Amino acid sequence: MKKDLKAQEDPNKEKQRLLYYKALHDIANQIHAAKDIDEILISLKDSILSLFDADRITIYVVDGKTKEIFSRFKVGNIPKEIRVPINNNSIAGYTANTAHITNIANAYDQHQLAMINKDISFDRSWDTNYDYVTKQILSVPIFFKKYVIGVLQLINKKNGGRFILEDQNSAVEMAKILGIAFYNQNKLSKRRAKQTKFNYLIRNHIITEKELQKVTEIARTKSSTIESIIINKMKAKKEEVGRSLADYYNCQYVPFDPNYPIPQDLLSKLKPVYLRSNLWVPLAREDGTVKVLVDDPQQLDKIDSIKSLIPAEHYELAIGLKEDIIQFLDYFYGTPAEHEEGSIDELLGKLEAPDTDGPEDSADLLTENDNTIVQLVNKIIKDAYTKNCSDIHIEPYPGKAGAEIRFRIDGNCQLYQNIPYNYKKAIVSRVKIMADLDITERRKPQDGKISLKKFSPLDIELRVATIPTAGREEDVVLRLLSTGKTMPLDEIGMNKRDHDLFLTMLQKAYGIILVVGPTGSGKTTTLHAALGYLNRPETKIWTAEDPVEITQRGLRQVQVSPRIGFDFAAAMRAFLRADPDVIMVGEIRDHETASIGVEASLTGHLVLTTLHTNSAPETIIRLLDIGMDPFNFSDALIGILAQRLVRTLCNDCKEPYHPSRQEYDGLVRSHAGDFDALGSPYRDDLTLYRACGCDQCNNTGHKGRTSIIELLEATDEVKSLIQSKATVEVLRDQGIRDGMTTLMQDGIRKVFLGLTDIQHVRKVCLR
């Protein structure tokens with residue numbers, strides 16, 4: 001009878017074993033097919049748990065850089081991370097530290113934990129937060145070969161008993177599979193790691209990754225090349241840096257050689273100033289192939305320029321450091337290329353000394369076509385571009401007082417140069433000629449545009465405005481238009497809530513999004529960052545701008561011209577007949593433009609536009625005041641982003657200090673919101689930063705600007721308030737309840753991040 005029962009049990013056990021190994025095999029395949037470690041930690045966790053008679057499972061991975069183990073899990077749709085130090089203070093940390101299997105019957109029993117190791121304790125905070133009771137824990141090290149690369153932790157047997165040897169063996173089998181998978185994923189991620197120009201240096205232990213990050217930061221703040229800082233500061237050999245560049249670009253590195261034959265036939269039609277500013281130089285022509293030394297062989301527009309200027313059957317590109325290229329230019333042309341233009345003082349010195357006793361009209365003796373005047377105006381524009389200037393102000397004074405030239409840098413005007421009165425009219429006239437304006441008309445304002453490429457190697461566009469001033473003089477303001485790369489949304493300066501919400505808004509199929517603020521607050525930059533996010537081959541985007549300041553490939557950009565009746569409203573009407581998905585309008589100036597924008601958004605188009613208002617809630621009132629229908633407008637509205645630009649503290653000289661209690665309380669009052677959300681209570685080690693001043697920031701203490709953001713979401717409650725024509729205060733209060741951070745609150749957040757100071761935040765924020 002007993003033999004019969006045993007014969008019945010064995011097949012059942014064998015069947016269960018086969019089912020277990022089949023399930024183990026299926027899960028192993030899923031683990032090895034995972035695209036990354038996150039998929040194993042998050043998506044496959046439940047599949048792995050199904051093999052064990054356990055309530056919960058946690059899989060940790062070793063982070064060798066921080067000496068921690070980490071795991072990832074989801075709360076709703078939000079991925080979260082837990083990190084545990086590799087030491088004996090926790091159960092998982094002890095397993096990773098000692099490589100011992102740990103099987104605990106009661107995690108709350110401190111005596112039992114002390115029997116394993118005197119330092120182990122169990123953190124009950126997770127249990128408290130999620131109303132859970134952890135009892136049994138089986139913690140198994142995950143090995144690859146002899147190294148611990150993770151920890152598998154099972155929590156609470158479903159039947160309430162202790163984990164037995166069979167559970168332990170099953171966990172060890174799963175840990176082996178995970179060990180192989182983690183090792184393969186690490187190998188794959190290293191292979192996928194982004195290649196940089198300096199991988200050779202890191203691979204050969206000439207510099208470390210941390211040193212490269214530090215050098216990159218220094219290069220950004222000092223406006224220097226990374227290569228020169230690696231050579232000068234890190235004491236790396238120039239040949240090693242060149243080898244690294246050659247490795248990356250897969251071409252020959254050519255250092256400067258004073259015995260190199262001068263290729264006169266290739267140099268004869270090229271200007272050294274142009275070659276110096278674009279950093280390339282021809283080296284030789286042989287058998288129909290031209291060899292050219294460049295600083296970046298992958299810069300396609302530079303390669304196109306080379307091919308247009310030096311026709312040849314074939315081209316061989318070699319890589320050179322900036323210093324190498326400049327040395328070749330100096331050697332080939334016999335003089336430093338920069339001497340061709342000279343400094344501003346040298347150019348002024350070339351002009352004849354002003355005749356202070358002569359008549360006032362003697363200024364007209366020097367013409368706008370004088371070669372030195374031409375060089376002087378080019379030099380002013382080039383220096384403005386080099387200093388990241390946004391506007392150049394040429395300000396002549398009446399009589400013999402001369403003229404001042406000021407640059408607006410980071411929002412503030414700085415004196416650049418004083419020009420003797422004899423030359424002021426010639427300089428103004430030269431600018432007007434470059435902008436195709438009437439030099440004989442001095443009584444009326446004029447505006448135009450300069451493409452500097454016609455007059456200099458630099459490819460810069462400038463908007464020009466002339467204004468008659470006292471004493472029969474003319475002021476000129478030149479705005480340097482941003483023709484560079486579009487700034488990514490990640491670099492605009494939004495907090496996480498605003499960034500994620502703004503991306504969600506941009507993913508809407510239709511509706512209207514407004515970006516608001518005064519002139520010069522970065523609205524165009526933000527709009528183009530948004531368009532850069534939306535710019536895909538499957539999306540048709542039309543923009544109407546005045547002027548077109550930033551260009552992007554993929555956008556169809558239109559310059560409006562109100563003087564001929566082609567205004568924003570006319571452009572939008574034309575766009576609606578041109579099959580758009582997204583429409584960007586430079587500015588809403590009247591009821592007609594606003595109405596067409598709302599109509600377009602309600603008929604299945606995403607509309608982005610700007611308005612000159614002080615805050616997001618005030619924008620709603622302004623649009624209702626110009627006659628917008630509150631019901632149509634509320635249906636169309638997706639959100640309103642208000643922003644300002646605030647000057648940032650200079651990283652080279654900003655000074656840490658401990659604020660007084662009075663200053664801190666003032667910040668709390670100005671914040672006027674949930675100050676605890678900042679996570680910056682008043683304490684002895686609280687540190688803020690203030691301006692100091694150094695050579696890098698012209699002793700101002702500030703360098704660069706960042707944005708402060710206020711993003712109002714058009715929630716159902718906000719739409720209802722729009723329809724009832726609520727006041728600004730009511731709209732603002734509702735926005736704050738919906739999670740909006742005001743401009744002042746975002747500014748104060750950046751004060752605590754050490755980016756700026758409260759004085760500059762208050763300058764740009766009303767409240």
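These numbers come from a predicted model, not from an experiment.
Between the side chains of D410 and H702, no donor-acceptor pair of N or O atoms lies under 3.5 Å. For the residue pair K291 / Q252, a side-chain donor-acceptor distance below 3.5 Å is found, with atom types taken as modelled.
For the atom pair F198 CZ and I230 CD1, the distance stands at 4.5 Å (nearest 0.5 Å). How far CD1 of I180 is from CD1 of I142: 11.5 Å, rounded to the nearest 0.5 Å. With rounding to the nearest 0.5 angstrom, the CE atom of M505 is 11.5 Å from the CG atom of D500. In this structure, the separation between CZ on R408 and CG on L478 is 13.5 Å, given to the nearest 0.5 Å. Here the straight-line distance linking atom CG of D324 with atom CG of L279 works out to 11.0 Å at 0.5 Å rounding. Considering CD of Q298 and OH of Y248, their distance stands at 5.0 Å, rounded to 0.5 Å.
Under the 3.5 Å distance criterion, the side-chain polar atoms of D581 are left unmatched by any main-chain donor or acceptor of T539. Side-chain atoms of T648 do not come within 3.5 Å of backbone N or O of L755 as any donor-acceptor pair. Judged purely by atom type and a 3.5 angstrom limit, E461 has no side-chain atom pairing as donor or acceptor with the backbone of L480. No donor-acceptor distance shorter than 3.5 angstrom exists from the side chain of S71 to the backbone of T58, with no hydrogens or angles considered. Not one N or O on the side chain of Y200 forms a donor-acceptor pair closer than 3.5 Å with the backbone of A246. Between the K197 side chain and the S244 main chain, no donor and acceptor come within less than 3.5 Å of each other. Q557 places a side-chain N or O within donor-acceptor distance of the main-chain N or O of Q552, the cut-off being under 3.5 Å. For T289 (side chain) and R285 (main-chain N/O), no donor-acceptor pair under 3.5 Å exists by modelled atom type. N278 contributes a side-chain N or O that, together with a main-chain N or O of Y274, makes up a donor-acceptor pair within less than 3.5 Å. Looking at Q299, its side chain never comes within 3.5 Å of a backbone N or O of D296 through a donor-acceptor pair.
The minimum heavy-atom distance linking S90 with P85 is given by the pair OG-O, 4.4 Å. What you find for I310 and P282 is that their closest heavy atoms are CD1-CB, 3.9 Å. Shortest non-hydrogen contact noted between V62 and V148 is CG2-O, 3.7 Å. What you find for E323 and S228 is that their closest heavy atoms are OE2-CB, 3.3 Å. Across all their heavy atoms, R647 and N412 have their closest contact at NH1-ND2, 2.9 Å. Heavy atoms only, all atoms of each residue included: L506 and L534 are closest at O-CD2, 3.2 Å.
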Passes side chain to side chain donor-acceptor pair (under 3.5 Å), D247 versus Y253? Steps please.
CA-CA 9 Å; D247 220 19; Y253 163 65; over 6 Å; no
One pair to check against side chain to side chain donor-acceptor pair (under 3.5 Å): E545 and H528. What are the steps and the verdict?
CA-CA 11 Å; E545 302 170 70; H528 271 276; 3.1 Å; yes
Apply the test side-chain contact (heavy atoms from CB on, under 4.5 Å) to residues I381 and I392: give CA-CA distance (whole Å), side-chain angles for both, the deciding distance (0.1 Å), then the verdict.
CA-CA 8 Å; I381 296 172; I392 304 168; 4.2 Å; yes
Run L452 and N378 through side-chain contact (heavy atoms from CB on, under 4.5 Å) and show every step you take.
CA-CA 8 Å; L452 198 65; N378 287 350; 4.3 Å; yes
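Salt-bridge check for R276 with D330: passed, with a basic side-chain N closer than 4.0 Å to an acidic carboxylate O. Ion pairing of K322 with E227 is absent here, as no side-chain N (NZ or NE/NH1/NH2) approaches a carboxylate O to less than 4.0 Å. Note on D63 versus R83: salt bridge recorded, some NZ/NE/NH1/NH2 to OD/OE distance being below 4.0 Å. At a threshold of 4.0 Å, the pair D746-K750 counts as salt-bridged, since one of the basic side-chain nitrogens sits closer than that to a carboxylate oxygen. Under a 4.0 Å N-O distance rule, the pair R479/D391 qualifies as a salt bridge.
Using a 4.5 Å cut-off on side-chain heavy atoms (C-beta onward), Y416 and I380 make contact. Under the 4.5 Å side-chain criterion, counting only non-hydrogen atoms from C-beta, I48 is in contact with I31.
With T543 as the partner, the side-chain contact (heavy atoms from CB on, under 4.5 Å) test is satisfied by one option alone out of L527, L555, T551, V582: L555.
By the neighbour-count criterion of 12 heavy atoms within 6.0 Å, atom OH of Y385 is sparsely surrounded, having that number or fewer from other residues, nucleotides or ligands. Around atom CZ of R497, more than 12 heavy atoms belonging to other residues, nucleotides or ligands sit under 6.0 Å away. No more than 12 heavy atoms of other residues, nucleotides or ligands shown are found within 6.0 angstrom of NZ on K214. Within 6.0 Å of NZ in K302 there are more than 12 heavy atoms belonging to other residues, nucleotides or ligands. By the neighbour-count criterion of 12 heavy atoms within 6.0 Å, atom CG of N29 is densely surrounded, having more than that number from other residues, nucleotides or ligands. Within 6.0 Å of atom CD in E286, 12 or fewer heavy atoms from other residues, nucleotides or ligands are found, so the atom counts as exposed in its surroundings.
Remark: K654 is positioned above the aromatic ring of Y689, its terminal NZ or CZ atom under 6.0 angstrom from the ring centre and at most 45 degrees off the axis.
Residues Y260 and F328 bring their aromatic ring centres within 6.0 Å.
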